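Here the structure is laid out as structure tokens; the discussion comes afterwards.
Since the structure is predicted, the reported quantities are computational estimates derived from the model, not experimental observations.
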Amino acid sequence: MKHIYVKSVESFTVTNNVNGVVAEVKEGEEFKATLYEETEEYFTTDSKKRRVYVGAVDAEGVINIEDYFRLLPVSENKRS
């Protein structure tokens with residue numbers, strides 16, 4: 001799958017020592033995450049278009065989602 005849909009289960013902020021806040025996500029937000037094929041990782045963007053890591057595909061082809069997100073079933077995917 002090149003795209004998956006996820007929903008945040010809690011609010012969180014991603015920071016680093018160089019840039020400070022690099023992403024913010026609020027509880028209940030829904031996202032379309034895109035597969036970066038070279039590394040088999042899924043990313044989305046927050047409300048300010050900052051990149052957020054969502055999860056990765058393991059060696060067995062299973063998508064492992066970060067604890068902050070829940071994978072939405074296809075029936076809940078309202079966006080195309």
Do I65 and R70 have side chains that approach each other closer than 4.5 Å (heavy atoms only, starting at C-beta)?
no

Got a sec, which hydrophobics cluster with Y53, joining ILVMFWY side chains under 4.5 Å apart, including via others?
Y36, F43

Taking distance alone, no hydrogens or angles, what donor-acceptor pairs closer than 3.5 Å link side-chain atoms of residues 20-28 to residues at least two apart or in another chain?
unit_1	atom_1	unit_2	atom_2	d
E24	OE1	R50	NH2	3.2

Are more than 12 heavy atoms, taken from residues, nucleotides or ligands other than N16, located less than 6.0 Å from that residue's CG atom?
yes

Pairwise distance CD(E40) to CG(N64) - rounded to 0.5 angstrom
12.0 Å

Within this structure, what is the NE2-CG distance for the pair H3 and L35, rounded to the nearest 0.5 Å?
9.0 Å

Identify, with sequence neighbours excluded, every residue that meets salt bridge (Lys or Arg N to Asp or Glu O under 4.0 Å) alongside E37.
K2

Any V6 side-chain heavy atom under 4.5 Å of T44 side chain
no

Any non-hydrogen side-chain atom of T45 less than 4.5 Å from a side-chain atom of V52?
no

Supply the atom-to-atom distance D46 CG to E29 CD, rounded to the nearest 0.5 angstrom.
8.0 Å

Can you check whether Y42 reaches V57 side chain to side chain, under 4.5 Å on heavy atoms?
yes

Are the side chains of S8 and Y68 in touch, meaning some heavy atoms are under 4.5 Å apart?
no

Can you tell me how far apart CZ (F69) and CD1 (I4) are? Round to the nearest 0.5 Å.
9.5 Å

